[in-house]
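I have placed the structure first, in the form of structure tokens, so that the comments after it can refer back to it.
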Amino acid sequence: MNAGWLDWAGAVLIVGIAVLWLVLRIRRNRMRSRAPGNKSGTCAAGCADCPYAQGCKPP
Amino acid sequence: MDRQANAAALRILLAGNPNSGKTSVFNWLAGAHQHVANYPGVTVEKKTATFVRAGRTIELMDLPGTYSLLAASPEEAIARDEILSGNAAVVVQVLDATNLERNLHLTAQLTEMGVPVTYALNMSDEAAAHGLTFDLELMSGLLGGPVIATNGNTGEGTDELLAAALRVAAGNPPCSGRVFYGTDLESAIAVVAERFEGDDAVSARRRAIALLDGLPDPHAPSGALEAAARETARLEKRGGRPLDVQIAETRYGFARGVAVEVARESSPHVRRASTLRLDDVLLHRVWGLPIFVALMWIVFNLVFALGEPPMRWIEASLEWLAGRIAVAWPAGAAPLLRSLLIDGAIGGVGGVVSFLPNILLLFLAIAFLEDTGYMARVAFLMDRIMHKMGLHGKSFIPMLIGLGCTVPAILATRMLESKRDRFTTILVTPFVSCGARLTIYALLIPAFFAPRWRGWVLWGIYLTGILAAIAAARLLRGTVFRGANAPFVMELPPYRWPTWRSVAIHMWDRAWMYLRKAGTVILAISIVLWALGTFPRKQEFSGEETRLAEALEYSAIGRIGKWIEPAIRPLGFDWRVGTALVGAFAAKEVFVAQMGIVFSLGGDEVEADSLRSALRRHYTPLQGLAMLLFCLLSAPCVATIAATKRETDSWGWALGMLLGMTGVAWITTFVVYQVGVWLAWGVG
């Protein structure tokens with residue numbers, strides 16, 4: 001019973017962290033693209049996570 | 001210039017013509033790893049690096065390439081605004097020694113704008129190979145700033161360049177250079193300069209030239225504006241052509257004069273001759289394009305042939321890892337967490353990671369072709385075709401960048417001056433296969449096609465994407481974006497051997513970013529998809545053998561898949577493929593991750609090779625081809641849609657792209673699949 005509860009809690013916690021991380025990431029990218037001076041660096045345009053982006057570095 | 005404000009961080013700007021090697025110099029000065037290629041337009045936005053040198057904090061900014069301070073395109077405007085803002089302590093102009101005369105036109109503008117400048121005479125090694133050497137001392141005197149010979153490939157001279165720039169920034173610039181515009185223009189400059197009361201003589205002259213040249217000066221007194229308009233009308237009438245053209249001609253005369261003065265030719269143009277000989281073959285009117293297509297065929301075959309062994313090593317490592325976990329973690333203990341780790345994390349991320357060798361091989365080939373200067377030739381070859389299709393020749397450069405990622409490709413359209421050309425290019429570039437889609441092809445092609453056909457299929461897919469982009473451009477330019485084409489001159493840089501350093505930086509960046517994305521975004525999405533494929537949980541099953549499949553169909557992902565299945569059934573797709581296509585909208589690699597999770601949760605084995613076997617068991621080669629086609633032509637990822645919205649400043653165009661591409665993908669896939677079924681091709 002206890003082990004089953006821990007299993008559920010662990011899974012919910014990991015999924016929750018994943019969802020929260022994705023939401024915060026989307027929010028951060030939106031804010032970054034709206035912020036003044038967003039022209040400095042291609043990453044500001046939303047390709048920060050893209051592994052293929054040319055010359056894409058965090059600002 | 002606000003030197004006080006820059007006391008903490010000294011701002012240095014790197015300016016120059018496109019393809020003069022600014023980014024290479026930037027990388028050496030700042031120890032950065034920005035992408036470098038042997039064609040103009042790679043840097044479309046300013047990039048900044050901060051570092052400490054000689055006890056000073058330096059903010060180094062790499063500006064987009066510009067030919068003139070009279071900005072014609074958005075990225076040139078970025079460079080112009082930064083140079084004229086007065087926020088920099090010094091501007092370092094990077095001059096291409098093999099093309100000195102053309103580069104010095106910008107120099108003429110910089111010197112008379114009163115900007116403190118230091119010059120990097122870059123690619124002087126190449127000029128030497130052409131038989132050209134330079135009198136740097138004389139050049140320094142003529143240009144009014146220190147001139148340092150640099151080599152962007154080896155970093156030679158970059159330390160001296162920085163030291164010279166710091167000396168200029170410290171307030172020790174040599175005398176400033178000055179262009180003599182001839183009697184008529186000089187008198188007009190004097191008339192306008194008089195109206196700038198309160199400015200010193202240098203500043204008044206600078207502002208007067210700028211006004212006559214057509215540069216905006218929002219703080220100019222009305223008297224100066226009126227005088228400039230009057231003098232412009234007078235000189236245009238006398239000269240019979242626009243005043244800015246007359247000024248440009250004088251500056252080119254200055255540039256030619258300096259180039260002739262400082263150049264010392266010592267031997268025949270050896271490199272130029274070899275470049276011309278190569279161009280005779282590679283730019284041949286008949287054979288040029290077939291040679292490019294054949295080269296691409298070789299590249300795509302190598303992607304599979306050379307990528308196979310390392311891909312299998314990665315797969316074997318992941319299988320070993322999954323096996324160890326399965327042994328160490330009994331099925332009965334914490335089954336949810338066990339499934340999350342094996343089915344979600346390893347099943348999802350593992351499939352994506354295993355294609356790293358294919359991705360790296362393709363980008364190695366592209367980097368090699370870019371750095372040698374061949375890709376600029378391809379743009380030149382495509383120019384004729386692009387014009388016939390109503391597109392600007394420069395539009396091919398964003399498409400080349402789109403082979404990597406569509407988002408920076410859309411940003412690269414800023415090099416296009418005309419809004420019509422720009423919007424058309426933005427809307428059609430996503431048809432060109434980006435690197436993320438290669439992950440999907442790397443899964444599907446070996447699953448459904450024999451080894452000898454794999455290179456052919458990949459080559460066909462990329463070619464289809466380019467043809468679709470050209471056809472869509474033709475359609476758009478014939479309907480919503482009607483108008484004349486702007487002329488275009490594509491620079492053809494000399495052929496160069498890529499340096500190991502440049503290629504190594506390129507590969508390392510790709511590998512690191514790919515793995516970082518797999519370990520962050522793809523992992524997080526895989527975990528969410530696992531949850532959607534696991535919950536809600538079914539309690540009663542019709543039989544033990546179908547237990548896992550029934551549980552998956554009962555889950556949220558199963559229900560979503562079943563909901564969209566009627567729309568994709570005519571394309572030969574079932575609900576599993578439907579959920580992967582929806583997931584791919586977040587990032588294209590998620591297609592692979594989602595297929596891994598679905599087949600893992602559904603009871604099939606997880607790893608990439610097993611996933612390919614599972615795909616072969618569930619789908620026909622025709623269905624595989626349909627998946628490839630749909631993934632190629634359908635809506636790009638959400639980041640591309642967001643970039644389109646930002647660059648067009650319109651949700652209408654962004655959503656139009658989303659719906660238009662999905663519509664094209666649906667119709668094309670439907671036709672191909674139904675014709676295939678009718679002909680009974682690839683259905684067994």
Side-chain angles (χ1 to χ4, degrees), chain A, chain B residues 23 32-37 42-48 61 78 333-340 359 363 401 403-405 407-412 434-436 438 509-518 520-521 523-528 530-531 534 586-587 589 637 639 642-643 646-647:
Chain A
M1 180 66 191
N2 199 24
W5 184 86
L6 275 175
D7 188 26
W8 268 90
V12 168
L13 183 69
I14 292 170
V15 173
I17 288 170
V19 171
L20 186 68
W21 187 83
L22 284 169
V23 168
L24 290 175
R25 191 168 192 82
I26 292 165
R27 189 168 160 266
R28 191 193 67 183
N29 284 345
R30 281 189 62 181
M31 286 173 71
R32 195 178 280 175
S33 68
R34 284 178 181 176
N38 66 340
K39 300 287 185 206
S40 55
T42 46
C43 291
C47 62
D49 299 317
C50 181
Y52 320 101
Q54 297 191 340
C56 193
K57 296 274 182 211
Chain B
T23 307
H33 293 167
Q34 293 295 345
H35 174 67
V36 180
V42 174
T43 307
V44 293
E45 295 187 319
K46 55 193 178 188
K47 299 188 188 90
T48 308
M61 193 177 279
I78 293 172
L336 273 178
L337 285 173
R338 185 178 186 273
S339 172
L340 193 157
I359 303 281
F363 284 110
I401 295 173
L403 287 172
C405 175
V407 173
I410 284 174
L411 296 182
C434 66
L438 180 61
D509 280 355
R510 295 286 178 197
W512 171 239
M513 284 194 278
Y514 188 80
L515 291 174
R516 196 178 59 180
K517 186 178 184 184
T520 53
V521 177
L523 176 63
I525 293 175
S526 295
I527 289 170
V528 174
W530 170 86
T534 304
E589 302 92 332
C637 66
R646 198 159 32 245
E647 292 299 307

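Residue numbers start from 1 in every chain, and the chains themselves are labelled A, B, ... in the order their sequence lines are given, proteins ahead of strands. It should be emphasised that the depicted structure is a prediction, and the values quoted were computed from it without experimental measurement.
Ile525(B) touches chain A through backbone and side chain together, each having a heavy atom under 4.5 Å away. With a 4.5 angstrom heavy-atom cutoff, Trp512(B) does not touch chain A via any of its atoms. Looking at Ile14(A), the atoms closer than 4.5 Å to chain B (heavy atoms on both sides) sit in the backbone and in the side chain alike.
Side-chain contact check for Leu6(A) versus Leu337(B): every heavy-atom pair is 4.5 Å or farther apart. Within the 4.5 Å cutoff, side-chain heavy atoms of Leu340(B) are placed close to those of Val15(A).
Heavy atoms only, all atoms of each residue included: Trp21(A) and Thr520(B) are closest at CH2-CB, 3.5 Å. Taking both residues in full, the closest heavy atoms of Ala524(B) and Ala18(A) are given as O-CB, 3.8 Å, listed atom of the first, atom of the second, then distance. Minimum interatomic distance between Leu336(B) and Asp7(A) (heavy atoms only, all atoms of both residues): N-OD2, 2.8 Å.
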